[in-house]
Amino acid sequence: MEDWKERISIAPKVCHCKPCIKGTRIIVWIIVCCLANGDSVEEVLAAYPSLTREDVQTVLAYAA
């Protein structure tokens, strides 16, 4: 799955090299944790307005 590279970056000087959404400092595991704790995609999008639905879908595919 190479598509995740379009939306997720891993850079040593950004978020301590943790995977995050490109152009943000929103770490992938934060989104996964929100969803795992029962938050809906809509709630995640409301909490992080710079995210798109496609970003959340990419995070889920990346985590899988």
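Only this structure's heavy atoms are used, side chains among them; waters, hydrogens and symmetry mates stay out.
- Here the closest heavy-atom approach between residue Leu35 and residue Val44 is recorded as CD2-CG2, 3.9 Å.
- Expressed to the nearest 0.5 Å, how far CD of Glu54 lies from CD of Glu6 amounts to 12.0 Å.
- Of all heavy-atom pairs between Ser50 and Thr24, the closest is OG-CG2, 3.8 Å.
- With hydrophobic clusters built from ILVMFWY side chains whose heavy atoms lie under 4.5 angstrom apart, Ile27 does not share a cluster with Val14.
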Practice item. Assess whether side chain to side chain donor-acceptor pair (under 3.5 Å) is satisfied between Thr52 and Asp55, documenting all intermediate values. Key: CA-CA 5 Å; Thr52 65; Asp55 290 331; 3.2 Å; yes
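- Minimum heavy-atom separation, Val32 to Ala63: CG2-CB, 4.0 Å.
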**Study point:** From CA spacing to verdict: side-chain contact (heavy atoms from CB on, under 4.5 Å), Lys18, Arg25
**Key:** CA-CA 10 Å; Lys18 292 181 171 71; Arg25 292 188 174 264; over 6 Å; no
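- Of the options Leu51, Asp39, Thr58, a side-chain contact (heavy atoms from CB on, under 4.5 Å) to Ile31 is made by Leu51 and by none of the others.
- With rounding to the nearest 0.5 angstrom, the CD1 atom of Ile10 is 10.5 Å from the NZ atom of Lys22.
- Minimum heavy-atom separation, Val28 to Tyr62: CG1-CD2, 4.0 Å.
- Between the side chain of Ser9 and the backbone N or O of Ala11 there is no donor-acceptor pair closer than 3.5 Å.
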